[in-house]
Amino acid sequence: MKKNTLMMIRKDIENCIGKRVILRADKGRRRIVTREGVIEAAYPNLFVVKVDNAFGSKRRVSHTYTDVFTGTVEVTVRSNSEQEKIS
């Protein structure tokens with residue numbers, strides 16, 4: 001069942017390549033980081049998001065599909081009218 005769920009998460013993220021998302025990552029010890037960016041690529045084991053830095057520069061962060069499955073990372077797709085959460 002876990003493998004099937006990870007494949008569904010991967011397909012959802014692959015369908016959102018090029019879309020604007022909000023990432024909410026739990027870094028441990030009550031540190032939660034929220035970033036906004038664009039899903040740039042989806043690979044077999046991880047996906048890459050190009051995020052906007054506070055200083056106007058761009059950087060890339062990567063997360064695994066397991067991070068989304070376990071709830072360590074929340075991905076919310078931004079659209080003009082609504083927000084869709086991938087989990």
Side-chain angles (χ1 to χ4, degrees):
M1 183 166 151
K2 179 181 174 186
K3 186 174 183 179
N4 191 18
T5 305
L6 288 176
M7 289 180 68
M8 290 180 3
I9 291 170
R10 179 179 172 198
K11 292 291 182 192
D12 287 344
I13 289 179
E14 284 178 349
N15 291 334
C16 295
I17 292 176
K19 293 185 181 177
R20 206 138 178 91
V21 295
I22 298 173
L23 289 175
R24 187 172 182 265
D26 183 0
K27 297 291 187 177
R29 293 195 175 213
R30 298 183 200 152
R31 291 186 307 159
I32 296 175
V33 177
T34 304
R35 296 181 176 141
E36 187 171 336
V38 176
I39 297 180
E40 193 172 64
Y43 298 104
N45 294 323
L46 56 93
F47 60 98
V48 178
V49 179
K50 184 188 267 186
V51 296
D52 303 325
N53 196 353
F55 303 107
S57 63
K58 306 278 186 191
R59 82 181 264 210
R60 290 172 178 83
V61 295
S62 62
H63 296 286
T64 63
Y65 304 112
T66 306
D67 292 338
V68 177
F69 177 71
T70 59
T72 305
V73 174
E74 292 179 7
V75 180
T76 306
V77 179
R78 296 215 32 198
S79 63
N80 294 340
S81 60
E82 63 185 45
Q83 293 184 353
E84 177 185 338
K85 185 175 177 182
I86 297 175
S87 57

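Owing to the predicted nature of the structure, the values given are computational and were not obtained by experimental measurement.
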Once you round to the nearest 0.5 Å, how far does CG of L6 lie from OG1 of T66?
5.0 Å
With sequence neighbours left out, write down each residue that passes side-chain hydrogen bond (donor to acceptor under 3.5 Å, both in side chains) with S62, or none if nothing qualifies.
none
With hydrophobic residues grouped by side-chain heavy-atom distances under 4.5 Å, do V38 and I13 end up in a single group?
no
List for me each residue that meets side chain to side chain contact (heavy atoms under 4.5 Å, CB included) alongside V33, sequence neighbours excluded, and say none if there are none.
K27, R35
Stepwise side chain to side chain contact (heavy atoms under 4.5 Å, CB included) check, I17 with F47:
CA-CA 9 Å; I17 292 176; F47 60 98; over 6 Å; no
Do any N or O atoms from the side chain of N15 and from the backbone of D12 form a donor-acceptor pair under 3.5 angstrom?
no
Using the test salt bridge (charged side-chain N to carboxylate O under 4.0 Å, His left out), find all partners of R60 that sit at least two apart in sequence or belong to another chain.
E40
Between L23 and V75, does a side chain to side chain contact (heavy atoms under 4.5 Å, CB included) hold up when you go through it step by step?
CA-CA 5 Å; L23 289 175; V75 180; 3.6 Å; yes
Applying side-chain hydrogen bond (donor to acceptor under 3.5 Å, both in side chains), can you list everything that pairs with T70, at least two apart in sequence or on another chain?
T72
Any donor-acceptor N/O pair, Y65 side chain to L46 backbone, under 3.5 Å:
yes
Nearest heavy atoms of R31 and D26, plus distance in Å:
O-OD1, 3.5 Å
Apply side chain to side chain contact (heavy atoms under 4.5 Å, CB included) to the pair I32 and R24, showing each step before the final yes or no.
CA-CA 7 Å; I32 296 175; R24 187 172 182 265; 3.4 Å; yes
Taking all heavy atoms of A25 and all of V73, pick out the closest pair and write down the distance.
CB-CG2, 4.2 Å
Find out if a path of hydrophobic residues (ILVMFWY) with successive side-chain heavy-atom gaps under 4.5 Å connects I39 to V77.
yes
Flag yes if V48 and V51 sit in one hydrophobic cluster, no otherwise; membership is Ile, Leu, Val, Met, Phe, Trp, Tyr, and two members link when side-chain heavy atoms are under 4.5 Å apart.
no
Output, in order, the C-alpha distance, side-chain angles, deciding distance and verdict of side chain to side chain contact (heavy atoms under 4.5 Å, CB included) for T64 and N45.
CA-CA 6 Å; T64 63; N45 294 323; 5.7 Å; no
With sequence neighbours excluded, tell me which residues meet side-chain hydrogen bond (donor to acceptor under 3.5 Å, both in side chains) with E14.
R10
Partner residues of K58 under the side-chain hydrogen bond (donor to acceptor under 3.5 Å, both in side chains) criterion, sequence neighbours left out
D52
